[in-house]
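One structure is given here, and the rest of the page talks about it.
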Amino acid sequence: MTYNFNEIEAKWQKYWAENKTFKAENNSEKPKYYVLDMFPYPSGAGLHVGHPLGYIASDIYARYKRHQGFNVLHPQGYDSFGLPAEQYAIQTGQHPAITTAENIKTYRRQLDQIGFSFDWSREVRTSDPSYYKWTQWIFIQLFNSWYNNDSNKAEDISTLVSVFSAEGNANVNAVCDDDVEAFSADDWNGFDTVKQQEILLQYRLTYLAETEVNWCPALGTVLANDEIVNGVSERGGHSVIRKKMTQWSMRISAYAERLLQGLDKIDWTDSLKESQRNWIGKSVGASVTFNVIANKANQSHKIEVFTTRPDTIFGVSFMTLAPEHELVSQITTPEQKAEVEAYILATAKRSERDRMADVKTISGAFTGAYAEHPFTKEPIPVWIGDYVLAGYGTGAVMSVPCGDQRDYDFAKHFNISIPNIFEGEDISEEAFSDKEKTVIANSDFLDGMNYKKATKRAIFELEKIGHGQGKTNYRLRDAVFSRQRYWGEPFPVYYVNGMPQMIEAEHLPIKLPEVEKYLPTETGEPPLGNATVWAWCTETNQVVSNDKINNTTIHPLELNTMPGWAGSSWYFNRYMDAHNTEEFASKEALNYWKDVDLYIGGSEHATGHLLYSRFWQKFLFDKGEVPVDEFAKKLINQGMILGTSAFVYIYDGGFASKEADSESDSSKNLIISKGALELIYKHLELFHDLWKSNPQTKAEILTNYRIDEETFIKVKDLYNSLLVASGNLGFISIAWLNGVFPARPIHANVSFVNSSDELDIEAFINWREEYKDAEFVLEDGVYKVGREVEKMSKSKYNVVNPDNIVADYGADSLRLYEMFLGPLEQYKPWNTAGITGVHNFLKKLWKLYVGEEGLNVNDAEPTKDNLKTLHKTIKKVQEDIENFSFNTSVSTFMIAVNELTVQKCTSKQILEPLLVLLSPYAPHVSEELWNQLGNSESISTAPFPEFDASHLVESSKNYPISFNGKMRFTLELPLDMSKDEIEKTVLAHEKTQEQLQGRTPKKVIVVPGKIVNIVG
RNA sequence: GCUGAAGUGGUGGAAUUGGUAGACACGUUGGACUUAAAAUCCAAUGUCCAUUAGGACGUACGGGUUCAAGUCCCGUCUUCAGUACCA
């Protein structure tokens, strides 16, 4: 019986599906364990071998946890709203729902054939109305909430309304818009509904606001920063303008501090936590107000700045505003107007990228205005400079050149004074910015203080004179939540008098309407503007035809849709109770599963999905909807699998013909093998000379070119093959040039290349018709391609489809090989050739259990060696799984099978537990052999074998004997031998004497059980 | 610039707390089997010197600590990812 993997895999996949082997129960005596993969987007291209990497790792872990006796939740689903389906719809008119469903089918088939232990009964799709009903519901909860800084959590908006009507907003400590007006209870109660709603919008956790966006009129859509290249749209190259638009925003800034603090209690990778910390960007300091000295028009202005170094306030010698700062036009003096305007214009032309990349150039302009120092009352010149960013802090800085390098450079460049306020520091060359060593001088009441003390005192004094207060700034900005797209969640929102109204939760979901065209409307409205049935009737609580809009009972619905991250910000909770129609998940399910124990996915989601999800989870926690405020305890980033591209080399130069020295004909191609090309490059001069028939004897050539005879023969042979090939193309020869041999690499499809880098020429020319008459110059009778590691992509023809791998080698081989490639988190290249290694291992494994006439396994007593092999394997594999070091387990299995084969082991006591160890990695073959050993239950919940250290106890050790740290020989000695005895035995050994050659050792280091080192 | 990760044979990668560098594979070479090929099996395979015995050099580079360094310390370089001139 041979290892028929196709049959075995199909059999067990069917068995698992029919027996619902991996269905997780919400009620269980067992401890819970929740293993989750990041939501896949079902793209039309299907899976390539890079995609399942993380799924295989999480599947191994999930299966391992089942062997450990856990009730494991390991679900899968689809983040199925998104741009590619919409773009395909725009091009073809196909409804995105149809293409999405097709893509999901392909994905599902591909996932199934790899043998994952997913509980498919819990599958969710974000584009399914039964799912997005709850996405809409969460949106409504956000709308109906505000953030109370006093209780430090989100509260229902009704609590805010009652405060407003009782005492106005003076004592409300909320996260809200910057420009909220103060009002009393009487004011509030006197406001009309629209005014009250406007005010409440400034407090809600999701709110409508004017946001500046990148608007592309030609595409009728808003573009993300990375969709803009060189100031025009990436697609089509249309111009892009900055435009203000009213859009929904999420007040994530309310959670900045908690998102930051929460990082300390979750086990995520350091790099990921670091990028979230940077993204949140907390800085502690003070806000300081400077009065602008009144100009001729006698207007008075104030400049507010944020600084992290209020202790250096006496070192301020100028102020810098961002060129975009609104005060610039108001304070600029007539004399400076021209210069300032020119500067602003010049900055506006430079893209953000330019401004970022160019740190060296210092530029700016003086406004002519002066501000007054709050303490010294000295006038301070006000400048503008593009190193100050409008979007951060207040868009203005107090410049302390002695303490900040950028301020220093600016001051030097424009000849502004640089007062030194640091005790004993030399600032003639550069600024001094070391907070720890700071001692303040020349600063009135701050003299002699260190950074900490001076900061505290400065803030205290600023508050006393009403010129500032301590402040913490965050970079994190509120997130825009509107998209001008079709294929996304519709908002459960209609508009009355321009004010947004939420639809009652009981009427959800608001389903995506049908449209004729998926493009924006001619008037520039989002695609939902094309819908004819898209109005809300407040009497029947139904979506009705637009014709009926009367603005009394029937109102227009929101035309934007939600962004891609809406559905993925809470899906991990839905898996706990995926089919609940009454709640997004029942309290029982949420309290049982609580959070994700292990989350695996790519690091590209660090500041998107993973930050927004934490935000929503914290919000739902505040509202008492979920029991924990962090959704994933542990997170691992899997690395990307790269492709190994293959190249053929096309000669790009001319040929010599009867008519001309050099002519070329693009239809006549010479394709040269990698090694041949390298030989040409190495001996180019010699080839050139051969062409010119320089009369030299062989001996002369060998000396002149310093080559051996063998190389000369190779060169000569290659030269002749090139002559023949040129002849076949109708030329006399290649037109050899001195010092140049132009050749151009082109991608060949990797599937035409075998494990030795040899190209299947026939397959290649069938694929690229234009090369069907090409001449191939070979090396050793074959064409060898060049190889290079690149990102796996269709255009590089290096994509490897798992379907073919599974058909040729089986899913177990694929799973093992993906793990065998290297550490999970690392980027590593895929090379199909190597898969024979793990495939052979599975064949050897099979042979260990199954012989020609049937099963090889019996009740023989295991030998000492058998037990040793098994238990060291148990130990290593268990350690590896717990450390997510799956690549080393695969090696361990190979070693175990090699050893047991040599030992001719047939003992069931050894071979049965070995299958349980292997089953998370290669579940099909393990399940089959387990079954053949007479087990009727699936292997999936068999207990993981117990490690017994007593089988690994050794009585002797093969000691490495080193001399001055260099290992010279090994010596087998009993482990219970004392240090002195070891030393004596080793020194007496003849090889030791040989090494020492009569010298007396200065020192002998003996580490029992490890090493002996003789110094001298 | 900053932050994070990494740099070991021809290739992917092993190496516990500092203790035999290169496990396990791929590839290559040689051999067995076969009419032949594939498959399978066996052997060799870091580089250099040496007929052998053996020796020298080797974990990006330069230093250091140590009986002993891929591993620890200092400095430099390179690659990849993220990012924000963040006051």
Side-chain angles (χ1 to χ4, degrees), chain A residues 269-279 281-283 285 305-309 312 319-320 322 352 355-360 362 385-389 391-400 403-407 409-410 433 473-475 603-604 606-607 637 639-640 642 644 755-757 787 789 816-817 820-823 825-838 840-841 843-844 847 876 879 883 885 887-895 898 958-970 994 1001-1007 1009-1016:
Chain A
T269 56
D270 287 335
S271 64
L272 204 144
K273 288 205 244 184
E274 196 57 32
S275 31
Q276 290 212 348
R277 282 192 193 104
N278 289 338
W279 197 261
K282 179 181 183 176
S283 36
V305 302
F306 174 74
T307 176
T308 53
R309 298 292 305 271
T312 63
M319 302 194 68
T320 317
E352 224 169 281
R355 275 168 74 170
M356 238 159 67
D358 183 15
V359 192
K360 299 264 146 46
I362 296 157
D386 69 4
Y387 78 99
V388 177
L389 305 179
Y392 184 75
T394 58
V397 301
M398 58 176 227
S399 302
V400 183
D404 180 291
Q405 195 56 43
R406 285 160 315 184
D407 293 346
D409 295 340
F410 195 88
S433 56
N473 221 23
Y474 298 92
R475 191 183 76 94
S603 55
E604 67 273 21
T607 50
N637 293 129
M640 199 188 288
L642 305 167
T644 312
S755 59
S756 310
D757 292 343
R787 308 223 78 158
V789 172
L816 284 172
Y817 189 51
F820 188 64
L821 281 179
E825 324 79 59
Q826 212 163 289
Y827 278 55
K828 54 222 166 224
W830 176 271
N831 192 347
T832 304
I835 201 171
T836 52
V838 293
N840 282 342
F841 156 72
K843 284 203 245 180
K844 274 191 222 165
K847 268 200 191 151
K876 178 82 173 119
E879 281 169 6
N883 293 319
S885 171
N887 54 324
T888 47
S889 306
V890 181
S891 306
T892 303
F893 289 129
M894 290 174 172
I895 293 167
N898 288 345
N958 196 19
Y959 278 93
I961 313 297
S962 304
F963 292 80
N964 299 317
K966 278 175 190 148
M967 206 279 288
R968 291 305 175 191
F969 61 92
T970 58
E994 203 177 289
K1002 283 191 203 128
K1003 203 172 174 186
V1004 180
I1005 312 276
V1006 177
V1007 185
K1010 290 250 155 131
I1011 198 170
V1012 177
N1013 191 16
I1014 298 163
V1015 188

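Lettering of chains follows the sequences in order, A, B, ..., and the numbering in each one begins at 1. Because only heavy atoms are used, hydrogens play no part in the values below, and waters and symmetry mates are left out as well, while side chains stay in.
- Taking the charged nitrogens against the carboxylate oxygens, R277(A) and E274(A) do have a contact shorter than 4.0 Å, which makes a salt bridge.
- For R406(A), no side-chain nitrogen or oxygen approaches OP1 or OP2 of C85(B) to under 4.0 Å.
- Only the C1' atoms considered, C74(B) is 32 Å distant from A23(B), to the nearest whole Å.
- Among the atoms of the strands shown, only primed sugar atoms or phosphate atoms (P, OP1, OP2) are found under 4.0 Å from some heavy atom of V1015(A).
- Here the nucleotide nearest the side chain of I895(A), chosen from C24(B), C57(B), A25(B), is C24(B).
- Distance noted for atom P between G58(B) and U47(B): 16 Å (whole Å).
- As the counterpart of U3(B), A81(B) is assigned, both hydrogen-bonding distances of the Watson-Crick or G-U wobble pattern falling under 3.5 Å.
- The partner of A87(B) is absent, by the rule that a Watson-Crick or G-U pair needs both atom distances under 3.5 Å.
- When the P atom is used for both G12(B) and C80(B), the distance is 16 Å, rounded to whole Å.
- Nearest nucleotide to the L389(A) side chain, out of A87(B), G19(B), U3(B): A87(B).
- Summarising the geometry, the separation between NZ on K1002(A) and C1' on C67(B) is reported as 11 Å, rounded to the nearest angstrom.
- Rounded to whole Å, the separation between the P atoms of G18(B) and G9(B) comes to 24 Å.
- Across all strands shown, A37(B) forms no Watson-Crick or G-U wobble pair with both distances under 3.5 Å.
- Under 4.0 angstrom from either OP1 or OP2 of A56(B) there lies at least one side-chain N or O belonging to R968(A).
- In this structure, D270(A) atom CG and U3(B) atom C1' are separated by 12 Å, rounded to whole Å.
- The CG atom of N473(A) sits 9 Å away from the P atom of A87(B) (whole-angstrom rounding).
- Regarding I1005(A), its CD1 atom lies at a distance of 10 Å from the C1' atom of U66(B), rounded to whole Å.
- Between the side chain of Q276(A) and the backbone N or O of T607(A) there is no donor-acceptor pair closer than 3.5 Å.
- A donor-acceptor pair under 3.5 Å links the side-chain atoms of N1013(A) to the main chain of G965(A), judged by distance alone.
- Note on T836(A): only backbone sugar-phosphate atoms sit closer than 4.0 angstrom, heavy atoms only; bases stay farther off.
- Separation of the P atoms belonging to U79(B) and C72(B) is 24 Å when rounded to the nearest angstrom.
- Among the heavy atoms of the strands lying under 4.0 Å from N1013(A) is at least one base atom, whether or not backbone atoms are also near.
- Here the separation of G54(B) from G63(B), taken at their C1' atoms, is 32 Å to the nearest Å.
- Under a cut-off of 6.0 angstrom, the local environment of CG in D270(A) is sparse, with at most 12 non-hydrogen atoms contributed by other residues, nucleotides or ligands.
- Closest approach to the P823(A) side chain among A14(B), C86(B), G4(B) is made by A14(B) (side chain taken as heavy atoms from C-beta onward).
- Here the OG1 atom belonging to T888(A) is positioned 10.5 Å from the CZ atom belonging to F820(A), to the nearest 0.5 angstrom.
- Under 4.0 angstrom from either OP1 or OP2 of U40(B) there lies at least one side-chain N or O belonging to K843(A).
- With both pairing distances under 3.5 Å, A56(B) is matched to U47(B) as a Watson-Crick or G-U wobble pair.
- The nucleotide whose nearest atom lies closest to any side-chain atom of Y392(A) is, among C67(B), A87(B), G13(B), A87(B).
- Between the side chain of D404(A) and the backbone N or O of R406(A), at least one donor-acceptor pair lies under 3.5 Å.
- Annotation: of the two residues near RNA chain B, N840(A) and T308(A), the 5′-most nearest-nucleotide partner is N840(A).
- The backbone N or O of P823(A) lies less than 3.5 Å from a partner atom in the side chain of K828(A), making a donor-acceptor pair.
- For G64(B), the base is anti relative to its sugar; the glycosidic angle deviates from 0 by more than 90°.
- A donor-acceptor pair under 3.5 Å is formed between the side chain of Y959(A) and the backbone N or O of G1009(A).
- The nucleotide G12(B) finds its pairing partner in C24(B), both defining distances of the Watson-Crick or G-U wobble pair being shorter than 3.5 Å.
- Of the side-chain N and O atoms in N887(A), one or more sit less than 4.0 angstrom from OP1 or OP2 of A14(B).
- In the set U83(B), C85(B), C67(B), C67(B) carries the atom at the smallest distance from any side-chain atom of K1003(A).
- Regarding K273(A), its NZ atom lies at a distance of 20 Å from the P atom of U83(B), rounded to whole Å.
- Checking A84(B), U20(B), G12(B) against the side-chain heavy atoms of I1011(A) singles out U20(B) as nearest.
- Rounded to whole Å, the C1' atom of G55(B) lies 27 Å from the corresponding atom of A60(B).
- Nearest to the side chain of T888(A), among A14(B), G19(B), A21(B), sits A14(B).
- Side chain of F820(A), nearest nucleotide from C57(B), G13(B), A25(B): A25(B).
- Between N883(A) atom CG and A14(B) atom P there is a gap of 13 Å when expressed in whole angstrom units.
- Side-chain proximity of M967(A) to the nucleotides C86(B), U20(B), C67(B) is greatest for U20(B).
- The side chain of K966(A) contributes an N or O atom lying less than 4.0 Å from OP1 or OP2 of C57(B).
- Between G55(B), U20(B), C24(B), one nucleotide has an atom nearer to the side chain of N898(A) than all others, and that is C24(B).
- Comparing A53(B) with U59(B), their P atoms are spaced 25 Å from each other, to the whole Å.
- Of all nucleotides present, none satisfies the Watson-Crick or G-U wobble test against U66(B) with each distance under 3.5 Å.
- The side chain of Q826(A) places an N or O atom within less than 4.0 Å of a non-bridging phosphate oxygen (OP1 or OP2) of G13(B).
- You'll find the ring centres of W830(A) and Y817(A) inside the 6.0 Å limit.
- Residue S891(A) is classed as a base contact, given a heavy-atom separation below 4.0 Å to a base.
- Both R277(A) and G834(A) lie near RNA chain B, and the one whose nearest nucleotide falls closer to the 5' end is G834(A).
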